[in-house]
*Asks:* 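Before anything else, here's the structure in question.
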Amino acid sequence: MSAGHWRGATALVDTNRIAKFGAFYAAEYRIRNMLKWWQAIVAFGIGNPLLYLTSIGIGVGSLIDKNTNGAGPDGVKYLAFIAPALLATAALQGTMEEVTFPVVHGFDWRKVFFAMHAAGLTGKQVAQGVIISAITRSVFTVSVYWAILWAFDAFSSPSALWLIPIEIYFGACFAAVMMAVSAYMKEDDGWFAIIGRFVIAPMFLFSGTFYALSTLPLTIRWVGWISPLWHATEIGRYFSYDHPISSTMLLVHFGYMTLLGIAGLLVANRKFALRLAA
Amino acid sequence: MPDDQIVPRLTLVPNPENQTQMIVAQNLTKVYGDFTAVAGIDFTVAKGESFGLLGPNGAGKSTTMRMITATLQRSGGDLTILDKDPDKFGPQIRAHLGVVPQADNLDTELKVHENLYIYGRYFGLSRKYLTKKIDELLAFAQLEDKRNSKVDQLSGGMKRRLTIARALVNEPEVLLLDEPTTGLDPQARHVLWDRLFRLKEQGVTLVITTHYMDEAEQLCDRLIVMDQGKIMAQGSPASLIAEHSSPEVVEVRFGSDRNAAVAERISHIGDRMDVLPDRILIYAQDGEAALAEIISLGQHPVTSLVRRSSLEDVFLRLTGRTLVD
C-alpha cells in the first residue's frame, strides 16, 4: 500500500457524526452479534407462539369455551382473551433478553462496551444502542407472533393491527427498566435467576394473563397494577376485541409505561457513563 | 515502500520547541478515597515520539494511561490531549486516539475481520474505507490467513496483534498501549515488538506502559520511571542508565546464606553494590575487571554474570526494589 493513504484521525474521523449517530453504531454491533444467532431467534420467534397457542389457547381454551359456551373471561372465546396477553408477554420477554445478558457481556464478560467507549462513544450512546438493537429484534418477534395469532383467528377487530407498534413500544419501555437493572449487575451474580423467579414469574402469573385481574383478591391484585405486563395486556385487549377501558385508564397505561421507560433510560444512561469511566 | 508500512515516514523536527505536543500533563493527580494512585506528575509527549511509562505493578502507570486516553477523569492538575481538555472533550479526543487496553476486549463471537470492521464503525468510518483498511491492517498484523477465524481460535500473541490492528483502524494521532506484551511468551513478544518498532519507524506517536525494562529500552525514545504514583526519573533509556547507573554490572551468587557475608568483604569493588536475597550486584565501569578482583580476593561465586547496565538497575537504584517482584 502506498503511504499517501494515511490521513490521520483528525482528518479521517468526523466527531460531529459520531455525536449524532453514535447510538446507531453501538446498535450495529449488537445487531451484527444477534445475526450470528438468527436461526435460534427465528426458531424461537415462531416456535414460542405455536407452542403456547396450541397448548393453552386451544387446549385449555377448548375446555374453558365448552364450560362457558364461548363467552369466557371478558365475554370472548378464551383464545381471543389470552392472545393479547401472550403477545405482550412475548414483546416484554423478547426485549428483556436483549438488554440483560448482553449488558453483562458488554461490561464484564467481554468488556466490549469499554472498547466502544475508548473509541469515542459515550455511555449514553452505548445504552441507547442496546435499546435500539432490542427494539429491532422486537419488531421481528412481535410481527411474527402477531401474524401467527391472526392466522389462528385470535383477533376480532381490525384495530388489532395497532398491537404491533404498541407492544413494541411497551416492550421498549420495559427493556429500559431492565437495562438499568442490568447495568448494576457485576458478572452474573445470580441476580438474573432471582429476578426471573421473584419478579418476572409473578408478573406473568398475576398480571391477568390467563384470567381477568379482577378475579384476584385485592391483596394480590396490586401485583398486576404495578406489573408492566398487565398494562401491556390491558391495552392489547382494548385494541384486539374492544375490551372496555376508560380514556383515563388508557392514559394511565400509556403514561405508566412511558414513565417507566424514561426513568429506566435516565438511570441506565447515568450508570453506563459511570461504569465506563470508573 | 514495504507492504506493511502503513504510514509515511515523518521528518521529525530536531528542535523540540517546534514539536507539536500531543499530550501535556501538569501536576496530574488521581485519588481514590484515601489512596493516591497518581501523585502530581508532569510530562509531555511530542508528535512522532515513542514515550514510555516504566514501573512495577501498582506504580500508577495504568491509571495514568486511562487518564491520557480520556477514559478516566483526573482528580487534579492540568491535562491536554491533542490540544483539548479531556474533561470537556472526552469523546472527541478518544475518536482521534488508538487504544490497546491491558486486557483484550475483542468480541469473541465475531470473526477476526468483523472485529476490525465493527470497531471502525464506532468511528463512523464507511464500509468502502473499511474494506480496504481491513486488508492493510490484517497484513500489518500478519493475520491475513486468520481473516475468517473466530477470535477464540487465536493465540495470545495474535489477539494482541489484532487489538493493535484494531486500534489503528482510525489512523490515530497517538497509539497508546497498556502493557502490550504482558502474559505473552518470548517469541510472541518479539513479533509484537517488531510490529511496534515498525510503527515507531513510520512516525506514529506511541505511548507504552510496561514493567519490562527490555521492552522500554527497545521501544521508547524517552520514558518516565514511575513508582508509587510519582515520577522517579525521566529521560532516554541511555541517559537514564548513564545518569543513575554504571556502564556495567556484575551479578554474583555465593548461595543465599553466604551472600551477605561475602558482600562485606568485597564492598570496596566497583562504584556501588546492591545485595539482593539471591545475588549481589556490583556496578562498575569495567565488569570483567571487577569480577577478576573478586576472584583475586579468594571469593569464588557459584555463578557469575557480567552484563551491560539496564533500566532494571536504574529502577533498583532509584527505589531499592526490583521491577518484577
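Values in this document were obtained by computation on a predicted structure and should not be read as measured data.
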*Asks:* Has A:F24 got more than 12 heavy atoms of other residues, nucleotides or ligands less than 6.0 Å from its CZ?
*Replies:*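 12 or below, so no.
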*Asks:* To the closest 0.5 Å, what do you measure between CE (A:M116) and CZ (B:R94)?
*Replies:*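 With rounding to 0.5 Å, CE (A:M116) is 13.0 Å from CZ (B:R94).
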*Asks:* Could you report the tightest heavy-atom contact between A:I18 and B:A95, atom names first, then the distance?
*Replies:*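 In terms of heavy atoms, the two residues are closest at CD1-CB, 3.8 Å.
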*Asks:* Under 4.5 Å heavy-atom distance to chain A, tell me which part of B:L125 shows up: side chain, backbone, both or neither.
*Replies:*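 Only the side chain of B:L125 comes within 4.5 Å of chain A.
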*Asks:* Side chain from CB out, backbone as N, CA, C, O: work out which of these in B:Y32 comes under 4.5 Å of a heavy atom of chain A, or both, or neither.
*Replies:* neither
*Asks:* Counting only heavy atoms closer than 4.5 Å, note whether B:P101 contacts chain A via side chain, backbone, both or neither.
*Replies:* neither
*Asks:* Could you look at B:T69 and say if it's the side chain, the backbone, both or neither that has a heavy atom under 4.5 Å from chain A?
*Replies:*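 For B:T69, there is no contact with chain A at all, as no heavy atom is under 4.5 Å.
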*Asks:* Rounded to the nearest 0.5 Å, how far apart are OH of B:Y117 and CD of A:E28?
*Replies:* 5.0 Å
*Asks:* Between OG1 of B:T71 and CZ of A:F114, what distance do you get to the nearest 0.5 Å?
*Replies:*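 It comes to 9.5 Å.
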*Asks:* Give, for atom CD of B:E114 and atom NZ of A:K36, the distance between the pair rounded to the nearest 0.5 Å.
*Replies:* 3.5 Å
*Asks:* Taking the side chain from B:E173 and the backbone from A:T10, do they hold a donor-acceptor pair closer than 3.5 Å?
*Replies:*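 Yes.
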*Asks:* Looking at CG of A:N33 and CD1 of B:I118, how far apart are the two atoms once the value is rounded to the nearest 0.5 Å?
*Replies:*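 Rounded to the nearest 0.5 Å, the CG-CD1 separation comes to 8.5 Å.
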*Asks:* Can you tell which part of A:A19 gets under 4.5 Å to a heavy atom of chain B, answering side chain, backbone, both or neither?
*Replies:*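 No part of it gets close to chain B.
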*Asks:* Restricting to non-hydrogen atoms, name the atom on A:V13 and the atom on B:H96 that form the minimum distance, rounded to 0.1 Å.
*Replies:*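 For A:V13 versus B:H96, the nearest heavy atoms are O-NE2, 3.3 Å.
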*Asks:* Hey, is the main chain of A:T15 close enough, under 3.5 Å, to the side chain of B:Q92 for a donor-acceptor pair?
*Replies:*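 Checked: no pair found.
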*Asks:* Minimum heavy-atom separation for B:L72 to A:A277, with atom names?
*Replies:* CD1-O, 3.3 Å
*Asks:* For atom CG of B:D83, decide whether the heavy atoms of other residues, nucleotides or ligands shown that lie under 6.0 angstrom number more than 12.
*Replies:*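 Atom CG in B:D83 is not crowded, with 12 or fewer foreign heavy atoms closer than 6.0 Å.
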*Asks:* Taking every heavy-atom pair that is under 4.5 Å apart, which of B:L106, B:D107, B:T163, B:N170 has the most such pairs with chain A?
*Replies:* B:D107
*Asks:* Would you mind telling me which of A:K111, A:R17, A:R32, A:H105 has the largest number of heavy-atom pairs within less than 4.5 Å of chain B?
*Replies:*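 Result: the option with the highest number of such pairs is A:R32.
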*Asks:* B:F123 and A:A119: which non-hydrogen atoms are nearest, and at how many Å?
*Replies:*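 Closest approach of B:F123 to A:A119: CE2-O, 3.1 Å.
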